[in-house]
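Counting starts at 1 for both ligands and their atoms, following the listed order. None of the values given here were measured: they were computed from a predicted structure.
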Amino acid sequence: MSNLGDSAAVSAAVQSEIDELRHRINRADFLYYVKDQPDISDADYDRLMRRLQDLEEQHPQAITPDSPTQRVGVAPQTQFAQFQHRTPMLSLANAFSEAELRAFDRRCRQTLQIEPDERLQYDCEPKFDGLAISLTYVNGVLSAGATRGDGHRGEDITHNLRTVRTIPLDLVQVKRDSPDAKPVPSLIEIRGEVILTHDEFLRINQERETSGEPTFANPRNAAAGSVRQLDPRVTARRHLTFFAYAVGTYEGIEFSNQYEVLCALGDWGFKVNPEVRVYDSIDEVIDYIGEWGKKKQDLTYDIDGMVVKVNSFEQQTRLGFVARSPRWAIAFKFPAEQVLTKVNDIEVNVGRTGALTPVAFLEPVQVGGVMVSRATLHNEDEIRRKDVRIGDTVVVQRAGEVIPEVVEVVKEKRTGDEVEFVMPTKCPICGADVIREPGEAVARCTDIACPAQIRERVIHFASKGAMDIDGVGPALIDQLLADKLIQDPADLYTLTVDDVEHLERMALKSAQNAIGAIQASKKVTLDRLIYALGIRHVGDRTAAALAQRFGSIKALSSASVDELAEVQDVGPVIAASVVAFFAQDRNREVIDKLRTVGIDPSVEERQETAIFADKTIVFTGALQKLTRDQAQGLVFKLGGNSSSSVSGKTSLVVAGENAGSKLEKARSLGVQVISEDEFLEMVSKAEQV
Ligand code: IVH
């Protein structure tokens, strides 16, 4: 045998040590993560793992996907592949009251022809508030894991799910000796829920808060976000938990009821909810669910209801399905938990778009297992509608999806000392004027340099449609802001290569490129600069119209609401927004700074009596020598207006290459059509005059 052959095979001794290590690590994982009863110390565990890693490094051909070393997470993916479920993943019909549970029982009995006094066995389980997934095991080895998706097709998230310690990579028969233990089948889809415990959820959010990332609203969102990570190493750090509760397709095995399934899942190494019960009547089910209204707060994770399933598979088959839910199961949803607490204060939070959001600071209370000390009040109108005052006793709720909210005020508890909230007229962050535009619920800070808004402003300023500064995106802007190298968009122009080179992930070349792009952007046209300023309601089209009408930032900044409103497409809302923008000293400062560094474009004065006076000109097709903007600028300068559609009012159509329907229409209306060259000739003659 050749040397090559020798290196491809692993000696029996090494293989047997690897097998033994894997077995011991898997068992330790199971006892620690699934059973919460570790049998070896962390140090011993680490030693086993390190030894296995060493052996696998020396003998890479011995690595298998089910080795416990493979849980750490492989390299990021660019997107998830689709995954077709062999058996669809269905949803459940909901019940919100005892009456609805009894109606469910009646429907089942009717179809199954079971008399009211005969027993009908139900399985009753807590309903996890996480993310449903499906795991496929082939000959006991985890081969695929997928999200539910639309029930038929989900996303293949195998790499991420491998990092979840409560998902066995190998199914083992823990209770080999039990007479009713199920053998590991040749193929099985296992369904269950990936969740985050409250502790882990809080830890992740704390970490995100420290690093300036947005926090998750609740454990379910955090679990869903963690499982759908393109980088499995991120998922691995999130410490998710998996609970199994159902099976999809399976081959080479038989089940006669749901309870049997849960027992087998537990035997094969899955975490199964220990609170599952089987009852012979809906009355007992209702009693049990009743207990849970309170009991659910003692759990270390979120449940949002209880699932009731007809236990027998034979009966389940007879009951069948409606639409996308089985007739044999129903989810009882707990009402959103509400508690009373006191509003200690109402403060205003300034968001990135300058929106001011009032927030109630509460006397801390437990709501649905989570400590709550703040609740959003949305906006001023909400506060008035609910009449929430500082010092009020309020009902707070945390419904599945949302961050805590104030439901209502307990007016009987008022003492007369409560203080009404007044929306500040100055931004609490920077002191600039706050305006609330007519018809808008949201009040906003008007200062371009407000730290709360500045990031978003600079990003917009540098973006493609605005100053188009290549290489200056959100990541660099965040670093520049964090290092206090910039405080407003104008500061970009005083940055040096040296300033930028020393930032993280930057090198001389990338710094030179960024500074080069910043300097190049100084040659901006007026319309783009107006757009780049990020004046509310002023999009690129409005910016172009304003540039044409006013010709310079100076003229625009001193325009009155009436003058502004005369411009085509500019209504009173836009006019007021422009005036408010230039009324802020800080905004004027930014504009002064831009002028100082050489940014002050202008549009040449319009010649009201020139050749295109009172004419409407339409450009169509691709121009070769001019851009559309330049061509329209020339028309404007020479007294005319341009339009995008041909009508009886069109004076002239300039047809570029591949002109289509507009050209046809011009011809049919008898409108004069000229070429780009003829247009340029007209312009040059006019300019010589
Ligand atoms: S059984 C045919 N059992 O609830 C239905 N589902 O609305 C099979 N869920 O997408 C599901 N805990 O994400 C079942 N103990 C439990 C559950 C549970 C949570 C979720 C699951 C499903 C949704 C249905």
Side-chain angles (χ1 to χ4, degrees), residues 83 85-96 100-101 104 108 122-135 145-155 157 161 164 166-167 188-197 218-224 227-228 240-250 255 257-266 270-279 285 288-289 292 295-296 299 301-313 315-334 400-401:
F83 183 89
H85 300 298
R86 286 178 173 82
T87 303
M89 292 180 78
L90 302 165
S91 54
L92 294 169
N94 291 325
F96 297 95
E100 286 172 292
L101 286 172
F104 163 73
C108 291
Y122 290 113
D123 152 294
C124 186
E125 314 173 5
K127 184 173 187 301
F128 300 102
D129 196 9
L131 188 81
I133 59 153
S134 176
L135 303 169
T147 60
R148 175 172 135 168
D150 64 4
H152 297 277
R153 261 196 239 165
E155 285 171 319
I157 51 166
L161 294 177
V164 178
T166 34
I167 294 181
I188 190 160
E189 284 177 321
I190 285 159
R191 271 84 196 262
E193 203 99 342
V194 167
I195 57 142
L196 273 174
T197 60
N218 54 51
R220 185 163 56 88
N221 288 3
V227 151
R228 296 192 64 262
L240 295 151
T241 302
F242 175 73
F243 277 101
Y245 51 64
V247 286
T249 295
Y250 48 90
F255 289 114
N257 61 54
Q258 167 67 8
Y259 196 75
E260 221 175 75
V261 167
L262 295 175
C263 293
L265 292 171
F270 289 98
K271 212 172 165 84
V272 175
N273 201 307
E275 312 290 351
V276 177
R277 300 286 182 277
V278 175
Y279 292 112
V285 169
Y288 188 55
I289 290 177
W292 274 93
K295 216 163 121 180
K296 74 174 204 283
L299 290 176
Y301 51 86
D302 280 357
I303 62 170
D304 62 346
M306 298 291 280
V307 185
V308 184
K309 306 173 186 176
V310 168
N311 194 34
S312 146
F313 276 13
Q315 287 175 340
Q316 286 188 5
T317 313
R318 277 162 59 204
L319 284 159
F321 303 86
V322 267
R324 303 182 59 200
S325 337
R327 281 209 198 84
W328 44 262
I330 198 157
F332 177 85
K333 292 289 201 67
F334 295 129
E401 309 266 317

**Study point:** Exceeds 12 heavy-atom contacts within 6.0 angstrom, atom OH of Y259
**Key:**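 For Y259, atom OH is not crowded (no more than 12 foreign heavy atoms under 6.0 Å).
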Exercise for review: Classify the ring geometry between F321 and W328 as parallel (under 30°), tilted (30 to 60°) or perpendicular (over 60°).
Suggested key: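 F321 and W328: perpendicular rings.
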Practice item. Using the test salt bridge (charged side-chain N to carboxylate O under 4.0 Å, His left out), find all partners of E100 that sit at least two apart in sequence or belong to another chain. Key: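 In terms of salt bridge (charged side-chain N to carboxylate O under 4.0 Å, His left out), with neighbours along the sequence ignored, E100 is linked to no residue.
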Exercise for review: Taking salt bridge (charged side-chain N to carboxylate O under 4.0 Å, His left out) as the test, write out the residues that go with K271, two or more places apart.
Suggested key: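 Per chain and number, K271 pairs via salt bridge (charged side-chain N to carboxylate O under 4.0 Å, His left out) with D36.
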Review point. Going by an N to O cut-off under 4.0 Å, is there a salt bridge joining E275 and R277?
Key: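 Salt bridge between E275 and R277, a charged N being under 4.0 Å from a carboxylate O: yes.
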Practice item. State which residues pass ring-ring contact (aromatic ring centres under 6.0 Å, His included) with F104; sequence neighbours excluded, sorted by chain then number. Key: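 By the ring-ring contact (aromatic ring centres under 6.0 Å, His included) rule, F104 matches Y122.
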Put together the list of close N/O pairs, under 3.5 Å, between ligand 1 and the protein, could you?
residue	atom	partner	partner atom	Å
ligand 1	3 (N)	K309	NZ	3.0
ligand 1	4 (O)	K127	NZ	3.3
ligand 1	7 (O)	L92	N	3.2
ligand 1	10 (O)	R148	NH1	2.7
ligand 1	12 (N)	F128	N	3.0
ligand 1	13 (O)	E193	OE1	2.7
ligand 1	13 (O)	E193	OE2	3.4
ligand 1	13 (O)	Y245	OH	3.2
ligand 1	15 (N)	E125	OE1	2.8
ligand 1	15 (N)	P126	O	3.3

